[in-house]
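Taking it in order: structure first as structure tokens, then the write-up.
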Amino acid sequence: MAFSADVKQELCRPAVSRKCCNQAEAYGILLFCGAFHSRQARIVTECAALKERLPSLFRRAFKVSFDQIPEAGEGKGAFLIEDPAKLKTVFDAFDLEWDASVSLHINLARLEEEHCRASFLRGAFLAGGSVTDPMKGYHLELATSHYHVGRELPALLREAGFEPKETERKGNHVVYFKHSDHIEDFLTFLGAPVSAMAVMAAKIERDLRGSVNRQVNCDSANLDKTVAAAREQLAAIERLRDAGRLDSLPDKLREAARLRIGNPELNLAQLGALCDPPVSKSAFNHRMRKLMELAGGA
């Protein structure tokens with residue numbers, strides 16, 4: 001998860017100036033965090049940058065503070081709000097129903113502006129997102145336990161110009177991307193252009209390695225074919241020699257036999273170039289085939 005941590009650290013660097021974007025980012029965090037309902041907001045994270053960001057973000061967004069914050073240090077920590085008045089302030093900011101029996105939804109009316117949608121999705125990724133190291137594969141996902149939120153997120157993403165896929169996993173609704181270019185565009189939209197460039201660079205490196213490996217495999221296969229063909233040709237020439245027929249062959253065939261015996265590692269094109277005068281690969285191959293035909297009756 002090291003790459004995910006790097007992405008989240010980059011997303012936490014810039015401060016958000018607009019109150020609406022602060023609220024949108026906090027909204028995304030709350031809908032994709034550990035728990036969010038009328039009795040408690042509980043945000044669990046191990047990202048040090050997010051731990052530093054959350055208190056100031058909630059002050060700017062709602063003018064509320066957390067009832068509990070984790071101690072400084074590495075590892076997971078939980079931020080809690082359990083004060084009913086504070087929770088009511090947060091719910092009212094998004095016109096959410098103050099009723100534990102009502103399922104949460106994404107209030108799209110609060111995310112009409114593109115900068116607010118980007119802030120909301122940034123918060124969603126910070127709380128419930130992950131992305132694979134691009135040197136190992138391409139997979140970015142957002143997971144939430146809120147059924148309606150998970151169902152509405154793809155519509156919000158499509159409105160922002162993305163085409164996500166959906167699945168269910170262990171009671172969570174998961175929205176994900178599997179193509180490198182989609183992940184690059186999404187990270188750029190969230191505000192992580194450096195991480196997007198890292199995905200692009202990794203793709204170029206992986207493609208280059210794949211191309212080199214394919215070429216090496218192709219060269220190896222061609223070499224194997226050359227060695228196998230040379231072995232058959234040498235065996236045929238040996239049969240002609242044992243039968244006493246090699247010296248009675250036409251000059252061109254005797255020259256071909258001599259060159260093959262003296263250069264077992266060369267391919268047909270290289271052997272053709274050694275002829276006097278030089279001949280094409282096709283012409284030399286014809287001479288080899290003639291020798292093998294003659295050896296078949298030796």
Side-chain angles (χ1 to χ4, degrees), residues 1-7 130-141 163 165 167 176-188 194-298:
M1 298 294 288
F3 186 69
S4 279
D6 291 343
V7 173
S130 64
V131 58
T132 303
D133 184 336
M135 289 304 297
K136 298 178 181 177
Y138 306 120
H139 183 89
L140 183 149
E141 68 175 43
E163 290 297 331
K165 297 182 181 297
T167 189
Y176 65 96
F177 300 102
K178 295 291 287 186
H179 296 287
S180 62
D181 52 341
H182 296 170
I183 294 173
E184 292 165 20
D185 292 342
F186 185 68
L187 291 177
T188 300
V194 175
S195 298
M197 288 295 294
V199 175
M200 186 182 303
K203 182 178 186 299
I204 292 172
E205 183 175 346
R206 290 182 68 187
D207 288 349
L208 181 59
R209 286 184 178 180
S211 177
V212 170
N213 288 337
R214 285 192 295 273
Q215 185 62 50
V216 168
N217 292 336
C218 180
D219 291 345
S220 178
N222 289 337
L223 179 60
D224 290 343
K225 290 179 181 178
T226 298
V227 170
R231 188 179 296 115
E232 292 180 8
Q233 292 158 5
L234 287 168
I237 294 169
E238 189 65 29
R239 289 197 298 273
L240 288 171
R241 175 184 288 167
D242 292 344
R245 299 179 57 192
L246 192 58
D247 292 337
S248 62
L249 295 177
D251 292 344
K252 291 180 180 180
L253 293 183
R254 282 191 286 110
E255 180 187 41
R258 176 180 58 80
L259 289 173
R260 170 46 83 198
I261 292 171
N263 304 278
E265 77 285 358
L266 299 185
N267 59 37
L268 297 178
Q270 293 168 326
L271 290 170
L274 295 178
C275 291
D276 185 18
V279 299
S280 67
K281 174 183 176 181
S282 177
F284 197 88
N285 182 49
H286 177 75
R287 296 178 186 180
M288 284 291 100
R289 291 176 62 185
K290 185 64 176 178
L291 285 169
M292 295 181 72
E293 290 175 7
L294 292 171

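Only heavy atoms go into these numbers, but all of them, side chains included; no hydrogens, no water, no symmetry mates.
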#### Entry: Heavy-atom side-chain contact between K165 and Y176 under 4.5 Å
yes
### Message
Distance check, rounded to the nearest 0.5 Å: L274 atom CG versus R258 atom CZ?
### Response
9.0 Å
Output a table of donor-acceptor pairs, distance under 3.5 Å, between side-chain atoms of residues 275-283 and any protein atom two or more places apart or on a different chain; print 'none' if there are none.
from, atom 1, to, atom 2, distance (Å)
S280, OG, A283, N, 3.1

#### Entry: Close side-chain approach of V199 to V131, heavy-atom, < 4.5 Å
no
### Task
Kindly compute the distance separating CG (L253) from CG (L240), expressed to the nearest 0.5 Å.
9.0 Å
### Query
Does D251 have any side chain to side chain donor-acceptor pair (under 3.5 Å) partners at least two apart in sequence or in another chain, and if so, which?
R254
#### Entry: Closest heavy-atom pair and its distance - S195, F3
O-CZ, 3.7 Å
### Pairwise distance CZ(F186) to CG(D181) - rounded to 0.5 angstrom
14.0 Å
### Query
Hey, is CE on M197 packed in by over 12 heavy atoms from elsewhere, all under 6.0 Å?
no
### Message
Holding to side chain to side chain donor-acceptor pair (under 3.5 Å), I want the full list of residues that pass it with Q233, two or more places apart in sequence or in another chain.
### Response
R260
### Query
Is there a side-chain contact between Q270 and N263 (heavy atoms, below 4.5 Å)?
no
#### Entry: Step-by-step salt bridge (Lys or Arg N to Asp or Glu O under 4.0 Å) determination, E238 to R241
CA-CA 5 Å; E238 189 65 29; R241 175 184 288 167; 3.7 Å; yes
### Query
Sequence neighbours excluded, which residues qualify as salt bridge (Lys or Arg N to Asp or Glu O under 4.0 Å) partners of R289?
none
### Message
Checking E232 now: which residues fulfil salt bridge (Lys or Arg N to Asp or Glu O under 4.0 Å) with it, not counting sequence neighbours?
### Response
none
### Query
Does H286 have any side chain to side chain donor-acceptor pair (under 3.5 Å) partners at least two apart in sequence or in another chain, and if so, which?
none
### Task
Decide yes or no for L291 and L249: does some side-chain heavy atom of the first lie under 4.5 Å from some side-chain heavy atom of the second?
yes
### Task
With rounding to the nearest 0.5 Å, note down the distance linking CZ in R287 to CG in L271.
11.0 Å
### Task
Quick one: sort the H182 and F177 rings into parallel, tilted or perpendicular, breaks at 30° and 60°.
perpendicular
### Query
Do you know which two heavy atoms are closest between M288 and A257, and how far apart they sit?
CE-N, 4.3 Å
### Query
Quick one: CG on L259 to CG on L266, what's the gap to the nearest 0.5 Å?
9.0 Å
### Summary
Between A295 and A236, the two heavy atoms sitting closest are CB-O, 3.3 Å
## Note on the structure
Distance col, row H179:NE2 vs L140:CG, nearest 0.5 angstrom, shows 13.0 Å
